[in-house]
Trainee: 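Okay, here's the structure, questions in a sec.
Remember, it's a predicted structure, so these values are computed and weren't measured experimentally. Count residues from 1 along the sequence.
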Amino acid sequence: MNTPVAELAVAVIKELPPAARMRSVPPTDLLPIDFGPTGTTFRHPVRVQLPVTEAVLSQGKPEVLTYDPDSGAWQQVKILAINAKERLV
């Protein structure tokens with residue numbers, strides 16, 4: 001049985017893992033975010049909005065990726081909506 005989490009931590013990652021870079025966008029315009037604690041799951045699906053910079057939006061449809069530090073692999077996350085005016089995905 002899973003133990004309920006009283007608080008979800010959200011933090012900006014200071015160092016980008018490999019491959020989290022866009023050729024024409026400076027790393028300062030990418031905002032890698034860590035949600036924790038590691039292994040947290042939700043009983044029901046949740047919707048998360050992430051900030052995105054103008055530089056990223058100018059490259060076309062942005063991608064959201066999750067990083068598995070154990071395997072070093074990136075996996076694409078389905079984006080439900082892009083709000084360019086508010087700069088959110």
Side-chain angles (χ1 to χ4, degrees):
M1 182 172 172
N2 295 332
T3 304
V5 174
E7 194 171 296
L8 182 67
V10 179
V12 175
I13 299 172
K14 302 218 186 298
E15 296 290 324
L16 291 175
R21 305 182 194 290
M22 295 175 69
R23 289 186 190 124
S24 56
V25 176
T28 54
D29 282 325
L30 300 176
L31 189 61
I33 298 173
D34 182 43
F35 295 95
T38 299
T40 299
T41 60
F42 298 92
R43 186 172 295 148
H44 303 285
V46 297
R47 191 177 257 190
V48 177
Q49 290 184 309
L50 301 171
V52 63
T53 65
E54 187 62 41
V56 171
L57 286 173
S58 71
Q59 299 298 308
K61 183 180 177 186
E63 291 182 337
V64 175
L65 305 171
T66 60
Y67 180 71
D68 180 350
D70 293 332
S71 69
W74 288 92
Q75 294 181 327
Q76 192 166 359
V77 176
K78 181 180 177 182
I79 295 177
L80 299 177
I82 300 170
N83 182 334
K85 182 179 177 184
E86 299 291 326
R87 295 191 342 217
L88 295 169
V89 294

Trainee: Taking all non-hydrogen atoms of both residues, which atom of S58 and which atom of A55 are closest, and how far apart?
Mentor: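 The pair with the smallest heavy-atom distance is OG-O, 2.7 Å.
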Trainee: For residues L8 and G36, report the shortest heavy-atom separation together with the two atoms involved.
Mentor: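 What the structure gives for the nearest pair is CD1-O, 2.9 Å.
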Trainee: Output a table of donor-acceptor pairs, distance under 3.5 Å, between side-chain atoms of residues 78-87 and any protein atom two or more places apart or on a different chain; print 'none' if there are none.
Mentor:
| residue | atom | partner | partner atom | Å |
| --- | --- | --- | --- | --- |
| N83 | OD1 | K85 | N | 3.2 |
| N83 | OD1 | E86 | N | 2.8 |
| R87 | NE | V52 | O | 3.4 |

Trainee: If two hydrophobic side chains count as joined below 4.5 Å and joins carry through other members, does L65 share a cluster with L88?
Mentor: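 No, L65 and L88 fall in different hydrophobic clusters.
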Trainee: For residues 43-51, tabulate all N or O donor-acceptor pairs below 3.5 Å that involve a side-chain atom, not counting sequence neighbours.
Mentor:
none

Trainee: Just to verify, what does S71 make a side-chain hydrogen bond (donor to acceptor under 3.5 Å, both in side chains) with, not counting sequence neighbours?
Mentor: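 If we apply the side-chain hydrogen bond (donor to acceptor under 3.5 Å, both in side chains) test to S71, skipping adjacent residues, the hits are D68.
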